[in-house]
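Read through the structure below, which is laid out as structure tokens, and then see the notes.
Each ligand, and each atom within it, is numbered from 1 in the order the structure gives.
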Amino acid sequence: MGLLFHRLTSGDDGVVLRLRVRATGAEERLTARALTSRCGRVVQALAERGVRPGQRVGVWAQGTLDTLVALTATAVGGYVTVPLDPKLGPLELGHLAKDAQPVVALASDPEAVAGRLSGVPVLGVPAGEAALTTHRAVDDEPLLILYTSGTTGLPKGAVLSARNVAFNLDALAQAWGWTRADVVVHALPLFHVHGLVLGLYGSLRNGAGLDWLPRFSPEVVEDALSPIGGEGKVLFAVPTMYHRLADAAENSQELVAALQSARLLISGSAALPLRDHQRLHRLTGRRVLERYGLTETLINTAVLPGSESEAGRVGQPLEGVELRLVDDARQPLASFDDATIGEVAVRGPHVFLGYLNRPDATAAVKDEGGWYYTGDLATRRADGSVRIVGRRATDLIKCGGYKVGAGEVEAALLEHPQVREAAVVGRPDADLGEKIVAFVVTSGDTTPAALQDFVAKQLSPHKRPREVRVVDSLPRNAMGKVQKAKLP
Ligand code: MCA
Ligand code: AMP
């Protein structure tokens, strides 16, 4: 498999990274040659500070071109990258500092994050250039630690190796025909698989480059997709973004034309409702292709170009991905009838190394044979194509494509002095897929808005309940356990 990022080995003058901010009209670019030498300088600066390959380096994922440089440099330099959401709250930050213990963190605006990750010095992304003397090979060592929420407790750090990432990106390149002719456009955050691994690292391994839009709006996507005499681009987005694009396209021929110009429209991170599939097809004549994955496994299945869309249908296993459906005892089900429901289990070189410092949690999801149990419920057709129909854990909520554990939000609410009891659930929402709804029993005169703000400050704001309902009591069973199914 050779080196991790083919795009950096050429050192040509093609634009490899472009960043657009609609509000300011700003557009910044870097060529492959410039990116390579910017990375050389970052690696040099880390070495000057005594940071050695294999050590963990945090990168604050701020909305700048320098963030893309830092995330590329830590990868090619052989460090273990820990991407950090600049909006992490104190509950998450305290845990992350102790759990991942990065030796240093890079930030394009160090002042904005100084002191947030206790004990971790912050280094600005150096501006100069230097020869890049290291180039990460596809090895089995950790490349990334990505924090992901579970049903209870604090987020876990999923450790992914360079081989996990390279193998998966190669399989996606094959499925989508992703080549050096493709520029990816996305407006996703850079601290999750979708925006970072597929968007940035995928473009550096497979494609011509990435157009990154640090803030999503239909208008900025329209600008970025519009071809200037060149090839169509590939759009990566979560269903909430496609929903908002469909809304905006109802009244904008320019946006319709921009979407029509794309070579591929790819959706993932959550289910794209059939209604939005159909609306986008009606408006543009184009099909949105779904792919299905998890932080721990990267991408497992993808709908191939030219296929029809169907609710929940996420395509066939990628090349090299073993996939089966299992029953409650984790025994394989033989059915391919598109009716029998089982849990999706996967095996292959894309499955993560494990959770950082959590062998117990790793053993709960990955067995000795290498099978990873996703918790997602699905059916399967004779051609192997998978349809996701639900999820085992009702305490996992997918809101706007972000995974949020109900337990984490409940724990944050219970930190509030006037909250006596809290139960958090996901409720269907046309825009967000699922919205986070909290039922609380309070002992004072706090308001729903105050509790939303409170959670938005303790945790990343996207984990805040979009609705808070104050109730007299929570339904409980004889053992005192909250019965969430009985909540209104
Ligand atoms: C609102 N905000 C607040 C409050 N209310 N801040 C503090 N206190 C409050 N009470 C702020 C937010 O911080 C944010 O600030 C702004 O208001 C809007 O935030 P929000 O309402 O959360 O945004 P949204 O409009 O709902 O966002 C929709 C979105 C977003 C853009 C689609 O959900 C998104 O980017 N989703 C992508 C998730 C993703 O990448 N998932 C991939 C996981 P400001 O305006 O300053 O920003 S990887 C994965 O799932 C697997 C592997 C896979 O298959 O891909
Ligand atoms: P995360 O841990 O944030 O990576 O989220 C992984 C979860 O997102 C999976 O277990 C699925 O429940 C969900 N998911 C990702 N892609 C899709 C998709 N195309 N359709 C339905 N669910 C999806």
(message) I'd like to know if the side chain of Tyr372 pairs up with that of Asp367 as donor and acceptor (distance under 3.5 Å, no hydrogens or angles considered).
(response) no

(message) Can you classify the ring geometry of Tyr355 versus Phe352 as parallel (below 30°), tilted (30 to 60°) or perpendicular (above 60°)?
(response) perpendicular

(request) Can you tell me which residues line ligand 2 if we count any heavy atom under 4.0 angstrom from one of its atoms, in chain and number order? (result) Thr148, Ser269, Ala270, Ala271, Glu290, Arg291, Tyr292, Gly293, Leu294, Thr295, Val314, Asp376, Lys398, Lys403

(request) Assess the side chains of Arg291 and Thr301: does a donor N or O sit below 3.5 Å from an acceptor N or O? (result) no

(request) Say whether Ser149 and Glu408, considering side chains only, have a donor N or O and an acceptor N or O under 3.5 Å apart. (result) yes

(message) Please evaluate residues Ser108 and Gln62 with respect to the criterion side-chain hydrogen bond (donor to acceptor under 3.5 Å, both in side chains), reporting the C-alpha separation (whole Å), side-chain torsions for both, the decisive distance (0.1 Å), and the verdict.
(response) CA-CA 7 Å; Ser108 52; Gln62 296 165 322; 2.9 Å; yes

(request) Return the protein residues near ligand 1 (heavy atom under 4.0 Å from any of its atoms), ordered by chain and residue number. (result) Lys87, Leu188, Pro189, His192, Val193, His194, Arg215, Val238, Thr240, Met241, Arg244, Ser269, Arg291, Gly293, Leu294, Thr295, Lys398, Gly400, Gly401, Tyr402, Leu432, Asp453, Ala456, Pro461, Arg464, Arg466

(message) Regarding His350 and Asn164, do their side chains bring together a donor and an acceptor under 3.5 Å, going by distance alone?
(response) no

(message) Before we go on, tell me: are the rings of Tyr402 and His192 under 6.0 Å apart, centre to centre?
(response) yes

(request) For the pair His186 and Phe236, name the ring-plane relationship: parallel under 30°, tilted 30 to 60°, perpendicular over 60°. (result) parallel

(request) Check whether the side chains of Glu92 and Ser460 place a donor and an acceptor atom closer than 3.5 Å, and report yes or no. (result) yes

